[in-house]
Amino acid sequence: MLSPDDFTAIRLSLEVATTATLLALPAGFAIAALLAFSHIPGKAIIEGIVNLPLVLPPVVVGYLLLLSLGRHGWIGSLLDRFGIQVIFTLKGAIIASSVVGFPLLVRSIRLGLESIDKNCIFAARTLGAGWWDSLFTITIPLSYRAILAGMTLMFARSLGEFGATIILAGNIPGVTQTIPLAIYQYTSMPGGDSMALSLCLVSIILSFMVLLASEAMNRRLIRN
Amino acid sequence: MLSPDDFTAIRLSLEVATTATLLALPAGFAIAALLAFSHIPGKAIIEGIVNLPLVLPPVVVGYLLLLSLGRHGWIGSLLDRFGIQVIFTLKGAIIASSVVGFPLLVRSIRLGLESIDKNCIFAARTLGAGWWDSLFTITIPLSYRAILAGMTLMFARSLGEFGATIILAGNIPGVTQTIPLAIYQYTSMPGGDSMALSLCLVSIILSFMVLLASEAMNRRLIRN
Amino acid sequence: NISVAASMTNAFKDIISEFNRQNPATKIQPNFGSSGSLAKQIAQGAPADLFVSANPKWMKYLVDGAMIAPGTDGIFVANSLVFTGTPGSTATDMASLVTLKRIAIGTPQSVPAGQYAKEAMVKAGVWQKLENENKLVMAKDVRQALIYADRGEADGAFVYRTDALLAQKAKILFEVPQALYSPVVYPMAITTGGAKKPQTTALYNFIKSDAGHTILVKYGFKPIE
Amino acid sequence: MHLSVDVKKHFPGLELHFDFTLDADRCGILGPSGSGKSTLMNMLAGLLTPESGHIVLDGDTLFDSCRSINLPPEKRRVGVVFQHSHLFPHMNVAKNLFYGRNRQSAGVARIDDAQLIGVLQLDSLLKRQVTSLSGGEQQRVALGRTILANPRLILLDEPLSGLDEALKYQIIPHLRKVFTEFTIPMLFISHSLEEMRLMTDDLLLMGHGVIDRQEKTEELARGAASERGFINILELGEAQSINRLHRRSWGENTLYLVTSVETAPGRFQINARDIMLFKQHPEAGSARNILNCRVTALRDLEWFVRVELECGGQQLIAEVVPQSVEELGITSGVEIVAVARASAFHRLF
Amino acid sequence: MHLSVDVKKHFPGLELHFDFTLDADRCGILGPSGSGKSTLMNMLAGLLTPESGHIVLDGDTLFDSCRSINLPPEKRRVGVVFQHSHLFPHMNVAKNLFYGRNRQSAGVARIDDAQLIGVLQLDSLLKRQVTSLSGGEQQRVALGRTILANPRLILLDEPLSGLDEALKYQIIPHLRKVFTEFTIPMLFISHSLEEMRLMTDDLLLMGHGVIDRQEKTEELARGAASERGFINILELGEAQSINRLHRRSWGENTLYLVTSVETAPGRFQINARDIMLFKQHPEAGSARNILNCRVTALRDLEWFVRVELECGGQQLIAEVVPQSVEELGITSGVEIVAVARASAFHRLF
Ligand SMILES: Nc1ncnc2c1ncn2[C@@H]1O[C@H](COP(=O)(O)OP(=O)(O)OP(=O)(O)O)[C@@H](O)[C@H]1O
Ligand SMILES: Nc1ncnc2c1ncn2[C@@H]1O[C@H](COP(=O)(O)OP(=O)(O)OP(=O)(O)O)[C@@H](O)[C@H]1O
Ligand SMILES: [Mg+2]
Ligand SMILES: [Mg+2]
């Protein structure tokens, strides 16, 4: 039912979604913490910028990324000097997914952080745990549920990401063609609908598995 | 800078985003509450279904909606009997946005509900508040931050929703052409970039305004 | 790397595998997308060597941007416009379109097929009436217009002959007379980057060869010398 | 209040089985930390469902696993003041206070808001956010909130443990008054026997996961004789102020007590060990009460001897060390002088 | 410990300005509910930043608004036991206990884990999740967690208010031992003067938002009109069994006490109202302890007169009603006989 190209697409999708989620996590957590705990002015502006990829159609996000990461873009020309190419590579797909899923990740983590009992963090500090120490031993474990939720959301979003990816990474079978791009291609082929459908099913199954895994992790963390 | 058609698109976008957010809210809250509080089996399945629109590329979601809501679809033919037409109308755009933004709304609210101190709800119950009463006077006010966050997310997502909308509602200027559709149209003709950019700016400004409004509401609710 | 308009996906898959059979050393990565986004990618420095557009406008955009190796751009296939819809429809020619309720076309501003359709309808004198009555549904591409016609959401759609063959239920109701619209042509060109590689030229020539034409004809295109 | 309970609940490492019937309006629960007091309260309030058994309050079945009855908390009208206050963080003090009251049917409000707010000294806090209140302030709001909800039974889980001594003794009489005047029955958890004696008449004594036994609070206090001495309870007449003391009649006898606010007749207690015995009238001592008695019985309690006395027709018990019995030659029938300080008497109610 | 504090903080409706220096290792803070005790603790621990002023502990500046110094909590080595335990819900009891200890540099651990765990009776709870602990259990874990972090100053915010009486008196001596043996200075908040007397030597008396004054705990206890009478605390020698009584030395004096299990020397309490005064030695009485004393001072507390005595080099306080003072002609310098029952003494630890 699935062609070898499809299996490649599945592998690529998983690679992109996983890498994008893991890459975005530290920055996502940092920005969520900044938004949740700090009292700096201009928080709304940071939040607005973080939310941009959500507000703009993915195609536009892809186009804006193309403008800045393309060979003539300001970041792109910089990367070019180090021999790093983003356009038409899996890196581009990962970046596209990271950017588009980022607001979801930040929102989730932020909500989690805001609901932590600050007294627990205070207690840890008075027990000699520095800021970073209490971050890793108290704050993160206490918000793991929200972090997991954010990661699941982002992973799922990455699995379905199409608009920005096709612009930034192109639709190159075997190289950057993830599941959504393959589905797109099937739907523009005679009789491709059934194959598109089976790829949809794969997507659904993958996201279910991620969901179940995150629930299981949830439960294990509660037990320990 | 903005043509009359653009203004119509802005109005339509606001209409779609607002209606979609408000329409999805009750169901979103109900499902979030179900997922957060109940211990029914098959919760993972419900969650998986709710997450589907996130996992699948929006175009696929649009196509699936078209299949079920179209004139020959099983819901569509039912609606047809009551003279309700969804395809190619603003209703279609609203439904597309609702479905695509729904998982974001549910996730946010669920996280908020899960972080409520249940003892407060217990206290309310012993003070004579029934289930519904405590829902409206304790649970919802205590999770308003998460509800607001979810609504903001969904509103933003609706502003940027393209793939499902264009399939379900079509791209009919003045009728279903929302901002992302107009942007798409501009970007797919040579030289339309500057006009696309100004519509992007409008989108960004709108989402900032929603963000600031939700922050202001947040603060007012904290004060009261 | 070659960037190919999505409507030629199948034809080019065949062309590439055939070309690879003859030149096993050459590795070709096709990038399928809409002509506009492909053109923009190339304008931003995407490493595409060959560009196949469904629309002369985007080719011109790149030529103006000096991204195309001089002299390599040219029309290589043609297509034709048909009106497709559910069998048994009342539409039999351009004039009868006014009896329909909904007609799907590609957005004229962005989709070439839509532009040709508009041209034809204007010439046939039905455009103004149809637009005033809001009977036209602008799809984001030909493929979507076809889906509407196929699913019966629209009474019919203007699509290319090559696309109409993909439909499951919808049938070609009538061919749009060629006199009503400018020729539907697909330009192809080697980019400035691709000009440095001999393989690009090899592929370019292969497509224009008889072997290439055979494949294109198989998918409904009409090769042009 | 008539309460009949037989419930089972299993926690990892602890099997709870509470089985008792209670016929008392002011009852306490006394038990070691972790014995299940809070758990029992939660089951009574409907916040925790027992695995099996029944709970019947005043003829109403609140829970019955056999008949599948499990009234939701809001239908039970069982108020709870928690160990931690659990105020509603999004409401100010006034809204917290009136949350429950506003949910009562109109006619039944029996407690005057203003009076209760005064008693709990919350007047100046009404507009405050509860999150900025100090621990004690929070607990007082929680107390008020529950009472104003007008429940037919109030469960109090160490409600006074966050209050300072002064405030505690100021609030207790008012609490007593609220609970008795408006006849709200209550179940009171505390670790302090003193609070228990002030707030309750009956006690449930809890071991780990079980009710060991049920006892009158005063009897328990008396039964603790081995440790603290037997408690005599005396019915005294109205007080007359004399020389910065209160003079009260006790049968034919006259006692001098330390002055207190109340002058009405009442029940007073005196510990048997606060009574000293002398062979003759001790001249020029600080003790105000010197009673001529006759020894009616002796009971040896190993480290103490309980000497039962009869003075002017009244019964009195003193406890002295065995050495004294020897030295004073105390035997049944002997005439002896009992001496008690004015400050040794404590009013019960 | 030398602590110098001068901090200001403004809350809506309350202006806090704490200005004091403290030279004491066992100090208490006493003040009405809402006066700012917890707020002061938070400022000392670095959890709340004062608006201006300074905090200097043993020569180290913890906070100084002028010099822009504000040490973070983890650098202050100031431990806190909160009013509510604030345990880490995602760790079991053992992990909570060792959280702070594991963050100390290796050599400095001065407290034996096992011993402390035993003292706090936590052995059987080590593997438990803290969320399933009862209120008292939680507070004991919090106590242990802070002590094991080996701070140079521990702040205790009503740490005993959730414990039952028995456990409290069992823990206090061990706490005292930990605090004195390992010389951890501490600041102790409590509403109970009794706990204060057992745990502290000095007191900061707090009014609303200010430190009113500083006083020795014993002095305050002596001066405070108490409902229950002043509690004398006596250091007694080892017990010898004589005639079913225990004989113990008190300085030069000898006291007879009711027999108890323990015979080691220790601290005992006797209520001032349990001491009777006589002009002459009362012949043939049941009281076992008859001490010849000299009156050193008198203090009139309206309903009682507090009589300060000196007997054989030791200080003792008795409380009698004013009438007795008159009748017995008690004035400063007069020789008098103090009488106490053998059962009036209670061991503290
Ligand atoms: N959800 C639970 N899971 C496991 N054990 C529990 C749970 N809830 C309570 N326990 C255990 O049940 C016992 C009784 O707890 P409970 O809170 O009723 O004690 P308590 O008598 O109120 O104690 P305290 O006087 O300290 O408040 C404790 O040992 C506690 O650890
Ligand atoms: N964040 C805050 N905003 C406003 N007022 C506050 C805030 N924190 C504390 N207060 C007020 O400051 C006063 C002192 O509070 P604090 O908690 O220090 O009292 P406390 O002496 O510890 O009382 P208790 O003995 O009841 O615990 C209280 O009146 C309290 O309401
Ligand atoms: Mg309890
Ligand atoms: Mg406090």
Side-chain angles (χ1 to χ4, degrees), chain B residues 25 29-30 32-34 36-41 43 108-152 213-224, chain D residues 38 41-49 62 71-92 94-105 108-109 127 129-132 138 141-157:
Chain B
L25 187 59
F29 187 89
L34 188 80
F37 294 136
S38 79
H39 300 280
I40 54 165
K43 254 170 68 169
S108 268
I109 298 181
R110 181 182 173 186
L111 274 180
L113 290 178
E114 276 169 350
S115 66
I116 291 183
D117 181 1
K118 279 201 192 146
N119 288 310
C120 277
I121 302 174
F122 286 164
R125 299 293 297 278
T126 65
L127 288 169
W131 195 89
W132 286 102
D133 190 348
S134 68
L135 178 74
F136 283 108
T137 55
I138 310 295
T139 315
I140 291 181
L142 284 183
S143 54
Y144 76 90
R145 185 191 279 278
I147 296 176
L148 264 182
M151 287 176 70
T152 319
S214 94
E215 286 292 321
M217 214 152 140
N218 228 325
R219 248 172 279 126
R220 165 179 293 177
L221 281 170
I222 285 176
R223 244 184 293 122
N224 290 359
Chain D
S38 301
M41 291 242 164
N42 284 336
M43 293 197 289
L44 292 178
L47 301 177
L48 191 71
T49 307
L62 303 184
L71 277 197
E74 70 273 16
K75 292 268 172 59
R76 296 193 177 196
R77 287 188 56 215
V78 172
V80 186
V81 180
F82 297 92
Q83 212 160 7
H84 300 260
S85 52
H86 299 318
L87 297 179
F88 305 133
H90 58 300
M91 300 182 184
N92 66 15
K95 287 207 182 112
N96 264 281
L97 279 175
F98 297 138
Y99 187 89
R101 197 208 48 178
N102 292 342
R103 277 159 182 77
Q104 298 308 309
S105 18
V108 299
K127 293 264 158 289
Q129 279 305 302
V130 294
T131 40
S132 74
Q138 289 185 11
V141 176
L143 220 52
R145 180 175 72 170
T146 304
I147 293 172
L148 284 178
N150 191 29
R152 56 180 170 183
L153 165 63
I154 289 191
L155 311 175
L156 300 134
D157 195 343

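Every chain is numbered from 1, with letters handed out A, B, ... down the list of sequences. Values below: every heavy atom of this structure, side chains too, minus hydrogens, waters and symmetry copies. Nothing here was measured: the structure is a model prediction, and the numbers come from that model.
In this structure, chain D has a heavy atom under 4.5 Å from the side chain of B:Asp117, while its backbone stays farther away. Looking at D:Val78, the atoms closer than 4.5 Å to chain B (heavy atoms on both sides) all sit in the backbone: N, CA, C or O.
Note on D:Ala45, D:Ala142, D:Gly100: by heavy-atom pairs under 4.5 Å with chain B, the leading option is D:Gly100.
You'll find the side chain of D:Tyr99 reaches within 4.5 Å of the side chain of B:Ile138, heavy atoms only.
A donor-acceptor pair under 3.5 Å links the side-chain atoms of D:His90 to the main chain of B:Thr137, judged by distance alone.
Interatomic distance, CG of D:Asn150 versus CG of B:Leu127, reported as 11.5 Å (0.5 Å rounding). For the atom pair CG (D:Leu87) and CG (B:Asn119), the distance works out to 11.5 Å, reported to the nearest 0.5 Å. Separation of atoms CZ (B:Arg125) and CZ (D:Arg76) is listed at 10.0 Å; rounding is to 0.5 Å. The CG atom of D:Asn42 lies 10.0 Å from the OG1 atom of B:Thr126; values are rounded to the nearest 0.5 Å.
Nearest heavy-atom pair, B:Ala123 versus D:Arg145, reported as atom, atom and distance to 0.1 Å: CB-NH2, 3.6 Å.
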